[in-house]
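Before any comments, here is the structure.
This is a predicted model, so every value here is computed, not measured.
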Amino acid sequence: MNARIHPVDEVLPLPKLAAYGLQHVLAFYAGAVLVPILVAGGLGLSTGQLIHLINADLFTCGIASIIQSVGLGPKIGVRLPLLQGVTFTAVGPMISIGLAAGGGSAGLASIYGAVLAGGLFAFFAAPYFARLARFFPPVVTGTVILIIGIGLLPVAANDVVMGRGPNAIQNPVLLKNLLYAFGTLALIVAIQRFFRGFMATIAVLAGLVAGTLVAWLLGDAHFDAVESAAPLGYTLPFYFGWPSFSVTAILSMIVVMLITMVESTGDVYATGEIVRKRIRREDIARTLRADGLATMLGGVLNSFPYTCYAENVGLVRLTQVKSRWVVCAAGVIMLILGSMPKAAAIVAGIPHPVLGGAALAMFAAVAVVGIQTLAKVDFNDHRNLVIVGTSLGLAMLVTAQPFVATGVPDWAQIIFGSGITLGALTAILLNALFHHVGGAHAAVAGRPEHGLVMLEQVNAMSYDAFARTFGGLVEHVPWVLERAWAQRPYADTRALRAAFGEALLAGDTAQQLALLNAYADLGSEADAGNAYILDHDAAGLGTLGEDAHHEVRELAQAYRRHFGFPLVVCAREVERYERVLAQGRERLANSPAVERAAGVVEAARIASYRFNDLVADANPIDAAREIRFAPAA
């Protein structure tokens with residue numbers, strides 16, 4: 001029997017590969033050509049030189065994407081649907097390097113010397129960087145992915161309004177541009193809503209084609225460049241001359257590559273989440289080696305530093321087409337476009353507002369992947385709140401006010417010039433500070449004004465101290481507390497919560513009966529301060545009329561007589577008390593074993609809600625809440 005093929009390794013039929021690959025190319029094209037355009041403008045290059053830079057960029061992007069998705073030997077390429085493109089992080093430093101060398105072709109020679117050295121550094125540093133994977137838990141990777149998605153949205157917005165330059169504020173905004181963008185976005189959403197199968201997966205491609213066609217019919221899409229473009233054109237190694245090497249330029253590019261390695265790591269984790277493949281240290285190393293090799297090729301073939309493109313991560317999330325061979329097909333298409341200026345000119349004819357409308361959907365999808373990753377984070381630990389909040393805040397500061405970079409020294413502008421870069425580095429550094437350097441600790445129980453209980457203290461507690469602190473979760477039943485206490489040490493508050501859940505569900509019949517009998521009968525007034533009664537009073541029992549309250553007492557007494565233990569119901573999940581009465585009467589027909597199991601499950605739910613209250617009271621960032629149970633005296 002053949003082993004099941006993972007969706008990542010599935011080879012699709014050629015027509016689908018071509019369509020999906022073209023969709024990736026169209027999604028990435030604007031970002032791919034923007035870097036050469038910005039560099040050429042900054043260095044004062046001619047139109048002919050710019051055209052060669054664009055062709056060289058596309059050609060090298062194709063090679064880099066094939067290396068990353070298909071692999072080159074056992075240690076190069078992650079073999080995931082990750083498309084490679086030139087990194088925006090390098091734009092500012094490259095222009096500075098080129099201008100310092102005099103601009104023009106001489107400036108490019110200095111840039112390519114630094115690019116070659118930076119690629120070499122990344123290639124050999126990859127396995128050492130990958131060993132730092134423990135510094136990239138979900139709180140870091142989720143934050144970085146979220147920031148990447150949100151940080152890219154202004155790029156899409158700039159396309160929508162036809163802004164001039166990456167930091168432009170367009171005023172006024174033309175209504176027709178908004179209509180092109182919103183129409184494209186609406187068509188993509190409609191296709192995903194009303195279609196299934198192949199059509200749904202090419203929603204972005206269909207939106208781009210339809211939007212461009214409408215714009216062409218209305219005279220807003222132009223393809224004049226197709227006629228004037230040469231039919232064939234190839235990039236030659238060192239077309240602009242032999243590279244020159246400067247220590248300062250090389251050091252700047254190494255900093256760029258370190259930042260790019262962080263971004264690529266976030267993209268790999270994002271893609272792993274999407275395709276349901278666990279990312280290991282070796283996968284990070286293979287990814288970064290491919291980035292380094294592609295960057296070295298960029299230095300030879302007149303292009304720039306390469307990284308995994310977040311735009312296309314969003315496309316994988318949006319379409320759910322997970323095959324890496326689709327990216328390989330996109331790489332082949334880019335090789336063709338990089339060799340055929342006429343074909344590239346057709347793609348270049350897509351109006352910016354149409355492209356921006358599609359990009360809004362793709363970039364937002366990247367942010368959603370970040371949110372999904374952050375769902376795994378223990379936010380009961382206030383340290384994680386600080387890491388995510390601070391990183392996101394700084395990233396958005398630079399994204400909303402891009403000229404913040406002009407207010408810092410030159411050496412810091414590479415960091416403050418990108419919200420993605422600043423946010424990613426902040427998340428990494430704060431995670432290291434809070435979780436890997438002594439000082440801050442997680443409070444997991446108690447009220448701040450009465451003293452907090454830290455996770456380290458819980459792990460070191462005696463059983464008696466543990467029972468006093470957490471006994472209220474389970475009505476102070478000893479066997480549950482003993483089982484939960486025995487599972488120390490706890491890695492985080494989630495593990496502590498899970499310990500109680502596992503303990504509750506692991507008891508034998510006698511232990512389960514002891515647990516259930518620890519709860520008061522519904523309607524009982526024997527102990528007005530009982531946490532279980534207070535919960536039910538808050539859920540509606542306390543507002544019932546005397547007749548209804550009498551019905552509850554009768555049901556509780558009948559239930560105990562029939563089964564030998566009280567009716568246990570999680571009050572936090574009670575919508576209407578009439579339903580409790582109706583369900584309680586129906587449950588009288590069940591067997592004792594079924595009801596005993598149902599009662600234990602309800603007890604586990606009660607413990608989980610109480611645990612939330614306890615931890616919230618311990619977290620000084622959360623609003624204080626009243627603890628509904630008291631520790632044992």
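Classified by interplanar angle (parallel below 30°, tilted 30° to 60°, perpendicular above 60°), the ring pair F466/F500 is parallel.
By the 4.5 Å heavy-atom criterion applied to side chains, T287 and I279 are not counted as neighbours. Between T271 and V78 there is no side-chain heavy-atom pair separated by less than 4.5 Å. The shortest side-chain heavy-atom distance between F434 and N384 does not fall under the 4.5 Å cut-off. Using a 4.5 Å heavy-atom cutoff, the side chains of R289 and P127 are in contact. Taking the side chain as every heavy atom from C-beta outward, L297 and I67 approach each other to under 4.5 Å. Taking the side chain as every heavy atom from C-beta outward, R79 and R286 approach each other to under 4.5 Å. The shortest side-chain heavy-atom distance between W485 and V458 does not fall under the 4.5 Å cut-off. For the pair Q320/I274, a side-chain contact is recorded, criterion being any heavy-atom separation below 4.5 Å from C-beta on.
The two atoms that bring G299 and V115 nearest to each other are N-CG1, 3.7 Å, heavy atoms only. Nearest heavy atom pair, residue A330 against residue G21, reads CB-O, 3.5 Å. Residues A122 and G292 approach most closely at CB-CA, 3.8 Å, considering heavy atoms. Closest heavy-atom contact between S264 and C308: OG-N, 3.6 Å.
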Problem set entry | Stepwise side chain to side chain contact (heavy atoms under 4.5 Å, CB included) test for H435 and I387 | CA-CA 10 Å; H435 291 292; I387 292 169; 3.7 Å; yes
Exercise. Between V25 and M334, is a side chain to side chain contact (heavy atoms under 4.5 Å, CB included) present by the stated rule, with each step listed?
Worked result: CA-CA 7 Å; V25 172; M334 284 187 285; 3.9 Å; yes
Exercise. Are I250 and F121 close enough, and set up right, to give a side chain to side chain contact (heavy atoms under 4.5 Å, CB included), and what steps lead you there?
Worked result: CA-CA 10 Å; I250 290 172; F121 167 81; over 6 Å; no
Problem set entry | side chain to side chain contact (heavy atoms under 4.5 Å, CB included) between S246 and I97, intermediate numbers included | CA-CA 9 Å; S246 161; I97 291 169; over 6 Å; no
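The closest donor-acceptor contact from the side chain of D283 to the backbone of R280 lies under 3.5 Å. With S65 contributing its side chain and V327 its backbone, the two residues share no donor-acceptor pair below 3.5 Å. Judged by distance alone, with hydrogens and angles left aside, the side-chain atoms of D291 form no donor-acceptor pair with the main-chain N or O of T307 at under 3.5 Å. Checking side-chain atoms of T295 against main-chain N and O of Y306 turns up a donor-acceptor pair under 3.5 Å. Checked by atom type and distance alone, the side chain of Y112 pairs as donor or acceptor with a backbone atom of N302 at under 3.5 Å.
If you take CG on L83 and CG on D267, they are separated by 11.0 Å, rounding to the nearest 0.5 Å. If you take CD1 on I63 and CG on L58, they are separated by 11.5 Å, rounding to the nearest 0.5 Å. For the atom pair I333 CD1 and C328 SG, the distance stands at 10.0 Å (nearest 0.5 Å). Rounding to the nearest 0.5 Å gives a distance of 5.5 Å between NZ of K277 and NE2 of H6. Residue S608 holds its OG atom at 9.5 Å from CG of L473, rounded to the nearest 0.5 Å. Expressed to the nearest 0.5 Å, how far NZ of K322 lies from CZ of R276 amounts to 6.0 Å.
Partner of Q68 under the side chain to side chain contact (heavy atoms under 4.5 Å, CB included) criterion, out of L82, I76, L80: L82 alone. A side chain to side chain contact (heavy atoms under 4.5 Å, CB included) with L430 is found for exactly one of T390, V388, L425, namely T390.
For V404, the side-chain contact (heavy atoms from CB on, under 4.5 Å) partners at least two apart in sequence or on another chain are L397, Q401, F416.
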